[in-house]
K.L.:
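This is the structure I want to talk about, given as structure tokens.
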Amino acid sequence: MNLTLANTWGLWALLGLPAVIAIHFLQRRNRRVPATTLFLLQQMKRESRTGSRFERLRTSIPFWLQLLMVLLLTWLLVQPRWLKHDAVQRIVIVMDTSASMQAFRAPAVKAVDDVLGLLEGPLARAELTLLSSDAEAPSLYHGTLAGELRQALDHWEPLLGVHDFTPALRVARGLVGQQGVVVLITDHPLPVPPLFGAQVVSVGQETDNVGWAGVTVEEKDGQWVWHALVKNYSRTAQERQWRAQAGAAESPWKPVKLGPGETQTLSGPFPAGEIQQIALYLSDDALSLDNDLPLVRPQPKVLSLCPLEGKVPQLAELFSRYAHLRMVAVPGESDLVAAVMTPNFALPEQRHGCFFQAPADETAPYLKGSIVAEPHALVEGLNWQGLLVRESKAMPRQSQDRVLLWQGERPLIVLRMMPAGGRQLICQFDLETSNARKLPAFAVLLHRFLEELRTDKLAPEAANFDVRQHLVVAHRQDAEAGPLKLGDQEIPLTQARLLRAPAKPGHFTIHQGETLLLTAAAHFADTREADLTQAKPVNELDKIKAVQIETLHEADPNWRLWLLILLLLLLGSWWFTNSRREAQEVSRA
């Protein structure tokens with residue numbers, strides 16, 4: 001028999017036992033009855049002369065009835081429960097995978113042990129599931145053994161940023177049903193109660209932390225320089241040590257002092273020579289993710305442009321404003337071409353390009369009508385209302401044209417996707433007679449177009465990313481192309497669009513076969529997760545125990561009988577007490 005008391009406070013009713021015993025120890029003062037002669041009095045045993053006081057215990061039927069009443073009342077108040085013969089304990093533990101949980105891993109493991117300690121005895125079957133709060137991640141464990149669930153915690157890696165727990169809690173509730181228990185183990189109290197009836201166990205507490213909060217890399221006079229932010233997330237002043245490492249060379253540890261909430265900028269050059277990777281380190285504290293800052297010297301892809309016939313100096317001056325773009329003289333060696341379209345000019349079908357209309361008549365009037373931009377990434381958020389374009393003959397539209405900008409019924413800017421793969425930006429206005437070169441919108445449009453071509457170019461590059469940042473890496477997609485390799489991990493081409501930087505700080509590379517596509521570094525800079533000042537403990541294990549008692553146990557089916565017996569005992573005690581009092585009064589009369 002597996003007995004559980006649903007209301008342990010009911011045991012206080014047992015204090016009624018000593019109270020009843022104490023009452024029966026008390027003796028009432030004898031009442032004096034005047035009489036003419038002593039021989040008319042019945043011989044009686046002398047009792048207390050001093051009134052109510054403790055003497056020997058006198059048992060009676062009311063005494064035993066009252067003791068039994070106290071015991072029955074206690075039994076009803078403690079609400080006994082028996083484990084159902086077909087009881088199944090369904091518990092899902094959802095582990096918060098936010099990066100801040102790295103600082104509280106040991107308390108989180110202990111919290112899991114506390115939850116598993118609430119399991120009933122061997123008479124009840126258990127169905128246990130361990131999930132992470134990342135709804136896209138597979139379950140960590142599903143089975144019946146608590147020991148195996150504890151071992152599965154080794155695969156729990158809290159590395160995400162701030163995210164919503166609702167999808168994971170919805171999955172958890174679906175696994176256990178309405179009668180099961182869902183437990184969320186986190187490190188911060190939730191601003192609102194969690195959905196789906198989940199119980200929260202927070203293992204966090206306010207903790208000091210100092211870490212890298214961001215970095216920028218720039219080139220000055222041919223020298224690459226890094227600027228890293230180090231932030232104190234604590235409410236008190238902190239002191240840490242930091243150093244830099246490049247290859248086998250390491251700088252000595254240097255102190256850095258920060259006031260409460262202070263941020264400082266540390267700067268330094270990349271080493272000259274072939275070394276393109278460095279790493280910055282802070283001395284250890286509670287959260288280790290933001291103590292390492294790996295960096296690579298950026299190496300963006302360089303586009304080559306070849307101006308074709310017509311106004312070559314003008315085109316060269318226009319595109320010379322853009323970084324990582326070089327001019328070449330041979331069209332076959334360029335990534336894209338640019339030209340002013342003379343009357344006999346034919347657009348190259350297999351080349352990327354940017355083309356402008358031939359010079360318009362300076363006496364032609366300016367176009368009239370509203371300027372409207374189509375919803376497209378190249379022109380999104382740009383203001384074209386100041387554009388002035390003279391009237392001229394427009395090119396005939398083709399089926400593969402996507403108009404980006406209209407003035408009235410006339411297309412001004414067209415994006416043409418050639419069947420052979422060329423991507424061409426056609427501006428149907430003259431650069432000389434229009435004011436396009438003075439508009440910021442036009443400069444941004446060309447920049448976006450060049451960046452799209454640079455992204456699609458198959459060439460090695462080097463860059464710095466945040467951890468888990470989405471990556472777009474140009475790669476071969478033909479039938480003979482092999483999968484991508486992120487370090488030692490092989491990624492099928494069908495999943496290349498899901499490519500992300502590693503979840504932990506460090507350097508990494510991406511290859512396709514023997515071809516190096518990307519040299520990069522991933523660093524942690526999530527300031528919300530690095531701030532541990534709002535972490536506080538919360539414990540709702542008592543609620544979990546109450547839920548288990550309600551779902552796994554059944555109440556005493558005889559409680560109505562016990563209540564009836566209690567009432568009968570009360571009536572019996574009253575009847576015996578009154579009968580005895582009446583008998584004493586008759587004897588005295």
Side-chain angles (χ1 to χ4, degrees), residues 96 98-110 157-162 186-189 202-218 223-271 275 277-297 464-468 502-507 521-537:
D96 182 3
S98 302
S100 59
M101 288 292 289
Q102 290 265 343
F104 309 107
R105 187 178 187 92
V109 173
K110 182 181 181 302
E157 287 289 341
L159 298 170
L160 292 184
V162 176
T186 181
D187 60 346
H188 287 73
S202 175
V203 297
Q205 57 182 353
E206 184 173 346
T207 305
D208 296 334
N209 182 45
V210 175
W212 302 107
V215 64
T216 58
V217 181
E218 61 178 353
Q223 173 66 54
W224 287 95
V225 180
W226 54 265
H227 305 282
L229 298 178
V230 58
K231 181 175 177 61
N232 176 19
Y233 299 94
S234 312
R235 304 181 193 273
T236 58
Q238 299 290 318
E239 181 176 355
R240 295 291 190 273
Q241 303 288 324
W242 75 278
R243 66 179 175 88
Q245 179 180 0
E250 295 183 357
S251 68
W253 288 99
K254 302 177 183 178
V256 55
K257 297 181 179 180
L258 303 103
E262 182 183 357
T263 301
Q264 291 187 15
T265 301
L266 304 178
S267 303
F270 276 83
I275 298 178
Q277 299 180 353
I278 66 172
L280 307 177
Y281 299 100
L282 279 174
S283 52
D284 292 336
D285 54 16
L287 186 64
S288 60
L289 280 176
D290 60 353
N291 292 336
D292 300 345
L293 181 60
L295 295 173
V296 298
R297 182 189 303 168
N464 297 292
F465 301 94
D466 289 342
V467 291
R468 296 182 58 85
K504 295 182 179 180
H507 296 95
H523 61 273
F524 179 86
D526 192 335
T527 56
R528 294 177 298 177
E529 287 298 310
D531 187 355
L532 305 178
T533 58
Q534 302 300 319
K536 294 180 181 179

K.L.:
For a 4.5 angstrom cut-off between non-hydrogen side-chain atoms, does M101 reach E529?
P.N.:
no
K.L.:
Hey, which of D466, V467, L293 is the one that makes side-chain contact (heavy atoms from CB on, under 4.5 Å) with P505?
P.N.:
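For P505, the side-chain contact (heavy atoms from CB on, under 4.5 Å) check succeeds only for V467.
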K.L.:
Run the numbers on V217 and R297 for side-chain contact (heavy atoms from CB on, under 4.5 Å), then give the verdict.
P.N.:
CA-CA 8 Å; V217 181; R297 182 189 303 168; 6.0 Å; no
K.L.:
Can Q238 and V256 be said to form a side-chain contact (heavy atoms from CB on, under 4.5 Å), step by step?
P.N.:
CA-CA 9 Å; Q238 299 290 318; V256 55; over 6 Å; no
K.L.:
Please answer whether the main-chain N or O of F270 pairs with a side-chain N or O of Q223 as donor and acceptor at a distance below 3.5 Å.
P.N.:
yes
K.L.:
Under the 3.5 angstrom rule, does the side chain of D285 hit a backbone N or O of V210 as a donor-acceptor pair?
P.N.:
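Judged by distance alone, yes, a pair lies under 3.5 Å.
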K.L.:
Ignoring hydrogens and geometry, is there a side-chain-to-backbone donor-acceptor pair from Q241 to P252 under 3.5 Å?
P.N.:
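No, because the side chain of Q241 does not come within donor-acceptor range (under 3.5 Å) of the backbone of P252.
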K.L.:
Under the 3.5 angstrom rule, does the side chain of H523 hit a backbone N or O of F465 as a donor-acceptor pair?
P.N.:
yes
K.L.:
Using modelled atom types only, decide if a donor and an acceptor are shared between the side chain of W253 and the backbone of R243 within a distance under 3.5 Å.
P.N.:
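No: the side chain of W253 does not pair with the backbone of R243.
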K.L.:
Is there a donor-acceptor contact under 3.5 Å from the side chain of T207 to the main chain of L532?
P.N.:
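No, because the side chain of T207 does not come within donor-acceptor range (under 3.5 Å) of the backbone of L532.
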K.L.:
Backbone N or O of D208 within a donor-acceptor pair of the E206 side chain at under 3.5 Å?
P.N.:
no
K.L.:
For residues Y233 and T527, determine if any side-chain heavy atom of one lies less than 4.5 Å from a side-chain heavy atom of the other.
P.N.:
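A side-chain contact exists here, since the closest heavy-atom pair is under 4.5 Å.
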K.L.:
Taking N209 as the fixed residue, which of D290, D531, N232 is the one that meets the side chain to side chain donor-acceptor pair (under 3.5 Å) rule?
P.N.:
D290
